[in-house]
Student: 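Okay, handing you the structure first.
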Amino acid sequence: MDDLRELVQFMQPSQRLDLKSVATANVLCLTGSDEGKAAIVECEDIIAALIRLTCDENLSVAKDAVLSLINLTAEEFGAVKVLETSKNVQDRPLIQIAVKHITDENSEFADAWAMVLCNMSRVERLVNDMLDEMEKDENIFFKLGKSFSKLNYNKKNSKLHYLGPLFCNLTQSSRGRELFCNSRYDLFDKVLPFICYPESVVRRGGIIGVVKNICFDPVYHTLILTDKDDVLHSILNPLCGPEEFTEEENEQLPIELQYLPEDKAREVDPDLRKMLLESLLQLCATKRYRELLRSKGVYFILREYHKWEAKVGKDSECLLACENVVDILIKKEEEIGLDNYKEVAVPNDVAEKFVKDDSEYLKNLI
């Protein structure tokens with residue numbers, strides 16, 4: 001610990017470049033191990049110095065500093081400590097620095113800073129603090145939406161894929177969902193097309209997570225299921241293959257999903273397929289939207305998807321998730337006998353039995 005504290009004097013912005021560079025490089029090496037990260041987290045002065053050095057005029061020093069923050073924030077205890085420490089570094093507001101780099105099309109560290117914010121936002125109790133900082137500038141969400149939705153936005157080859165999981169993490173909170181669905185920022189509409197983005201599972205996985213989080217909140221079901229069908233189309237599209245439907249079936253589907261090409265491929269990641277199916281299940285919560293999903297031909301798509309998953313995808317959890325949706329859609333409302341599933345209180349012992357039954361069912365599903 002004393003050796004670490006000695007490094008602080010060499011990690012000041014005004015220090016000689018050679019000393020500052022060596023000290024920062026040594027700290028970066030330490031963040032590569034659990035023991036090193038644990039030691040640094042106990043030394044707030046080191047973290048404060050790293051935050052200041054992310055703005056160093058020497059790019060090599062600044063790079064080592066931000067890479068150190070990526071490693072430190074990868075664990076919950078480090079993320080909490082970095083954000084707490086940043087509040088005491090008044091001349092270097094961490095969140096503001098990060099967003100400035102991410103939204104600067106000429107920044108060489110945009111991806112690195114996106115990873116820092118992504119790491120910190122994974123800790124649920126930090127999200128509101130992060131949103132507090134972001135909302136200090138009313139233009140931040142416009143800028144983040146633009147930098148994410150415009151491909152090749154960054155001129156230094158930063159891809160900004162990690163904004164996807166950052167957005168997902170932010171929408172785990174009701175406040176984050178409200179911001180994303182606020183028509184003023186138009187964030188939801190901007191990110192939605194990337195639900196099928198083939199170049200990065202990180203990017204599309206993050207946006208599928210955003211959709212799932214918003215679907216889990218019944219407040220936004222009216223926003224999701226509209227006459228435009230854009231969100232429903234986005235959820236169903238990754239589950240669709242090249243199968244042909246009858247004319248009567250096609251007429252019920254959202255227009256974008258009618259007569260798909262022969263080379264239409266499904267989402268390759270089973271975790272993402274499962275998230276999409278769980279989103280559909282949440283939309284089945286109320287009678288109004290169950291009937292709407294039936295009228296849009298969702299059952300026909302899931303019927304073909306189930307056949308594909310059983311023969312090709314072969315993921316038992318995805319099959320069960322699909323069956324959970326289908327079981328609701330094929331029932332008549334008289335059989336269901338209630339308007340809103342979310343209003344049903346399930347006793348703990350019954351919930352545990354459901355989980356156990358599902359576990360047993362999964363063992364024999366494939």
Student: Above 12 or not: heavy atoms from other molecules or residues under 6.0 Å from NZ of K287?
Tutor: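 Open: at most 12 neighbouring heavy atoms sit under 6.0 Å from NZ of K287.
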Student: Give a yes or no on whether a salt bridge exists between R273 and D315, defined as a side-chain N under 4.0 angstrom from a carboxylate O.
Tutor: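 Result for this pair is no, no salt bridge flagged.
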Student: Could you list all the side chain to side chain donor-acceptor pair (under 3.5 Å) pairs where at least one residue sits in residues 115-124, not counting sequence neighbours?
Tutor: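 Sorted pair list: T73-N119, S121-N169.
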Student: If you apply the rule side-chain contact (heavy atoms from CB on, under 4.5 Å), what do you find for L72 with K81, and how did you get there?
Tutor: CA-CA 9 Å; L72 288 173; K81 190 65 176 181; over 6 Å; no
Student: When you group the ILVMFWY residues by side-chain heavy-atom contacts below 4.5 Å and let the links chain together, are L239 and V312 in the same group?
Tutor: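 Same hydrophobic cluster.
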Student: Check salt bridge (charged side-chain N to carboxylate O under 4.0 Å, His left out) between R125 and all other residues, then give those that pass, not counting sequence neighbours.
Tutor: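 Result, salt bridge (charged side-chain N to carboxylate O under 4.0 Å, His left out) vs R125: E76.
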Student: Using a side-chain heavy atom cutoff under 4.5 Å and only I, L, V, M, F, W and Y, what cluster partners does F10 have?
Tutor: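 When side chains under 4.5 Å apart are linked, the cluster holding F10 also contains L19.
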Student: Strictly by side chain to side chain donor-acceptor pair (under 3.5 Å), give each pair with a member in residues 93-106 just once, sequence neighbours left out.
Tutor: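 Every pair satisfying side chain to side chain donor-acceptor pair (under 3.5 Å) with a residue in residues 93-106: H101-S107.
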Student: Taking side-chain contact (heavy atoms from CB on, under 4.5 Å) as the definition, give me every residue that meets it alongside Q9, ordered by chain and number, with sequence neighbours left out.
Tutor: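 Once residues adjacent in sequence are excluded, the partners of Q9 under the side-chain contact (heavy atoms from CB on, under 4.5 Å) criterion are E6.
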Student: Which Ile, Leu, Val, Met, Phe, Trp or Tyr residues join V22 in one cluster when any pair of side-chain heavy atoms under 4.5 Å counts as a link?
Tutor: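 Direct or chained contacts put V22 with none.
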Student: Counting only N and O atoms by type, is there a donor-acceptor contact under 3.5 Å from the side chain of K20 to the main-chain atoms of P13?
Tutor: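 It does hold such a pair.
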Student: Please list all pairs meeting side chain to side chain donor-acceptor pair (under 3.5 Å) that have one or both residues in residues 151-162, counting only residues at least two apart or in different chains.
Tutor: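 Qualifying pairs: N157-K159, H161-R203.
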Student: Looking at R290 and E333, is there a salt bridge between them, counting it only when a charged N and a carboxylate O are closer than 4.0 Å?
Tutor: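 A salt bridge links E333 with R290.
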Student: If the condition is side-chain contact (heavy atoms from CB on, under 4.5 Å), which residues does T171 pass it with, not counting sequence neighbours?
Tutor: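 Residues passing side-chain contact (heavy atoms from CB on, under 4.5 Å) with T171: R177, F180, V210, N213.
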Student: Heavy-atom count around Q258 CD within 6.0 Å, excluding the residue itself: above 12?
Tutor: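 Yes.
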Student: Any idea which heavy atoms bring L281 and I328 closest together, and the distance?
Tutor: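 Looking at all heavy atoms of both residues, the closest pair is CD1-CD1, 3.6 Å.
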Student: Got a sec, which residues hit side-chain contact (heavy atoms from CB on, under 4.5 Å) with C181, two or more places apart in sequence or on another chain?
Tutor: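 C181 satisfies side-chain contact (heavy atoms from CB on, under 4.5 Å) with I214, Y220, L223 only.
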Student: Please report the shortest heavy-atom distance between L276 and I235, naming the atom on each side.
Tutor: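 The answer is CD2-O, 3.7 Å.
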Student: Could you name each residue pair satisfying ring pair (Phe, Tyr, Trp, His ring centres under 6.0 Å) that touches residues 223-277, not counting sequence neighbours?
Tutor: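 Residue pairs passing ring pair (Phe, Tyr, Trp, His ring centres under 6.0 Å), neighbours aside: none found.
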Student: Any carboxylate oxygen within less than 4.0 angstrom of a Lys/Arg side-chain nitrogen, looking at E309 and R266?
Tutor: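 No.
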Student: Does atom CD (E335) have a neighbourhood of more than 12 heavy atoms from anything else shown, all under 6.0 Å?
Tutor: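 Atom CD in E335 is packed in, count exceeds 12.
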Student: Within the side chain of Q12, is there an N or O that forms a donor-acceptor pair under 3.5 Å with the backbone of V8?
Tutor: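 Checked: pair present.
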Student: Distance-only, no hydrogens or angles: does the D111 side chain make a donor-acceptor pair with backbone N or O of L160 under 3.5 Å?
Tutor: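 Looks like yes, one N/O pair under 3.5 Å.
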Student: Can you tell whether the side chains of R294 and E291 come within less than 4.0 Å, N to carboxylate O?
Tutor: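 No, this pair does not count.
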Student: Give every residue pair that meets the side chain to side chain donor-acceptor pair (under 3.5 Å) criterion with at least one member in residues 179-191, sequence neighbours excluded.
Tutor: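 Residue pairs with at least one partner in residues 179-191: E138-R184.
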Student: Under a 4.0 Å N-O cut-off, is there an ion pair linking K274 with E267?
Tutor: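 No, no charged N to carboxylate O under 4.0 Å.
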Student: With clusters defined by side-chain heavy atoms of hydrophobic residues (ILVMFWY) lying less than 4.5 Å apart, directly or transitively, does L338 cluster with Y289?
Tutor: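 Yes.
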Student: Is L94 close to K87 at the side-chain level, that is, under 4.5 Å between some pair of heavy atoms?
Tutor: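 No, every pair of side-chain atoms sits at 4.5 Å or beyond.
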Student: Would you please test K136 and E133 for salt bridge (Lys or Arg N to Asp or Glu O under 4.0 Å) and show each step?
Tutor: CA-CA 5 Å; K136 287 180 179 179; E133 286 297 310; 2.8 Å; yes
Student: Is there any ring pair (Phe, Tyr, Trp, His ring centres under 6.0 Å) pair reaching into residues 21-80, and which pairs are they, with sequence neighbours excluded?
Tutor: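 Checked against ring pair (Phe, Tyr, Trp, His ring centres under 6.0 Å) - neighbours excluded - no pair reaches residues 21-80.
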